[in-house]
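Below, each value reflects all heavy atoms present in this structure, side chains not excepted, and no hydrogens, waters or symmetry copies.
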Amino acid sequence: MTASRIVSLGHYQPPKVLTNDDLAKLVDTDDEWIRSRVGIRTRHIAVDETLVDLAAEAAQKALAASGRLAHEIDLVVVATCTAVERSPNTAAAVAARLGITAPAAFDINTVCSGFSYALATADHALRAGAATRALVIGAERMSDTIDWTDRSTCVIFGDGAGAAVVEAVPDERAGIGPVVWGSEPEKGDAVVITGWDPTISQQGQAVFRWATTKIAPLARETCLKAGLDPSELRGFVAHQANLRIIDAIAAKLGTAPDAVIARDVVDSGNTSAASIPLALSKLVERGELRSGDPVLLFGFGGGLAYAGQVVRCP
Ligand code: UT7
């Protein structure tokens, strides 16, 4: 049976960095509060870079690392909740920038879990023979949604992008594992980004409780569906929302003591749909995760939606 695998990864963050001390000049906050409650030290903020710039930079790096050519890509999927342009969609704009001709190109918005939805959608298309090679991107300009006078949100979010080249392979075991996905729409008002000039607001404690109680069992189910016990994972890349949430889920899941737990939230803040590919790409680039390592990706957030799958590192 045909499967699909991640061939290469790439990521991009805009160069401007905002520290906690920078934010303490804008709102009534301090480094100690932010570090102890969320775990963030810095976040990257786009100044001149558009969402398409961020996505295209990450995609270009993933494509270059894959050794494949632009015309060999026939599917582009971008996960984002911060697209300003409705038409052309972000995926089409990225494809045009990279010289990818005639791809199926579309955006997916499931907020923070978007990358896992996009990866599953690409995997299903490749398995079905509807495409042969895909670029799957998570990209966000969360700074567009921030009220810089609201201390409860402005310290949390950042901008960035991560991308993966995914292609069909004959060996099921080398591939992307089955997705576990779903949502609790009745809790939709826990994270809200609305209007043409949107501002993000969230019920932080409610999302915190939901994430720390509901996600670990779903993450375990995802491992078991992939034929692995969580203790066999080499890595765990959760949505980078909050260090305390990440560590709580990893502890409940029962990862091995030497498993690599992504903690990119410390340097990058919460980049919504970009957070998982960004963190995974950095871990592979630094050699902390190696080719063939089984890694659980698990996204959760606005919706309230979740999705995850076990992948093998490129
Ligand atoms: O990716 C989208 C999904 N979203 C999430 O996963 C978010 C999940 N939730 C969280 O990560 C946490 O709930 C937050 C980081 C958002 C907030 O942490 P918390 O420990 O739940 O704090 P809190 O909202 O209960 O606020 C505690 C106190 C409040 O003051 P009072 O009412 O106790 O006097 C806040 O006004 O902290 C205050 N506060 C701040 N103080 C200093 C809120 N933001 C700040 C701040 N600096 N930046």
Side-chain angles (χ1 to χ4, degrees), residues 6 38 77-82 107-124 136-140 142 156-157 162 164 176-193 200-226 228 230 233 235-255 261-265 269-280 294-311:
I6 296 178
V38 208
V77 190
V78 176
T80 187
C81 68
T82 50
D107 294 1
I108 282 181
N109 173 14
T110 48
V111 201
C112 303
S113 56
F115 184 78
S116 283
Y117 273 85
L119 192 61
T121 303
D123 176 50
H124 299 163
V136 182
I137 304 163
E140 300 282 15
M142 293 304 289
I156 290 172
F157 296 98
I176 292 168
V179 69
V180 169
W181 56 9
S183 64
E184 296 186 36
E186 69 282 5
K187 296 194 175 102
D189 59 359
V191 180
V192 175
I193 308 173
I200 189 164
S201 60
Q202 64 175 352
Q203 297 164 16
Q205 285 191 6
V207 181
F208 190 99
R209 273 196 303 276
W210 174 77
T212 51
T213 54
K214 295 288 177 74
I215 300 303
L218 294 162
R220 167 172 290 276
E221 180 189 338
T222 310
C223 294
L224 299 180
K225 271 194 162 179
L228 284 175
L233 293 169
F236 175 41
V237 183
H239 167 50
Q240 301 292 293
N242 181 318
L243 202 52
R244 290 189 292 149
I245 295 176
I246 294 166
D247 288 339
I249 297 172
K252 283 190 180 175
L253 183 59
T255 49
I261 310 295
R263 295 190 174 89
D264 187 49
V265 65
N270 178 343
T271 58
S272 184
S275 84
I276 287 177
L278 190 56
L280 180 64
V295 178
L296 172 66
L297 313 182
F298 210 95
F300 52 85
L304 293 176
Y306 55 82
Q309 58 273 96
V310 173
V311 302

By ring pair (Phe, Tyr, Trp, His ring centres under 6.0 Å), which residues pair with [X], not counting sequence neighbours?
X: Tyr306; value: none
X: Trp181; value: Tyr117, His124
X: Phe236; value: none

Under 4.5 Å between any side-chain heavy atoms of [X] and [Y], yes or no?
X: Val311; Y: Leu119; value: yes
X: Asp247; Y: Arg263; value: yes
X: Phe300; Y: Ile245; value: yes
X: Leu253; Y: Leu296; value: yes
X: Ser116; Y: Gln309; value: yes
X: Ile6; Y: Ile176; value: yes

Taking every non-hydrogen atom, the tightest pair across [X] and [Y]:
X: Met142; Y: Asn270; value: CG-O, 4.2 Å
X: Ala307; Y: Ser113; value: N-CB, 3.9 Å
X: Leu233; Y: Cys223; value: CD1-SG, 3.7 Å
X: Val237; Y: Ile276; value: CG1-O, 3.7 Å
X: Lys252; Y: Arg220; value: O-NH2, 4.5 Å
X: Ile108; Y: Ala118; value: CD1-CA, 3.7 Å

Quick one: pull up [atom1] in [X] and [atom2] in [Y] and give me the separation to the nearest 0.5 Å.
X: Ile193; Y: Ile200; atom1: CD1; atom2: CD1; result: 4.0 Å
X: Ile246; Y: Ile261; atom1: CD1; atom2: CD1; result: 9.5 Å
X: Trp210; Y: Leu304; atom1: CH2; atom2: CG; result: 5.0 Å
X: Phe298; Y: Ile249; atom1: CZ; atom2: CD1; result: 8.0 Å
X: Ser275; Y: Leu297; atom1: OG; atom2: CG; result: 10.0 Å

* Can you find a side-chain donor-acceptor pair between Thr271 and Gln240 that sits under 3.5 Å? -> no

* Will you find, in the side chains of Thr82 and Glu140, an N or O donor that is under 3.5 Å from an N or O acceptor? -> yes

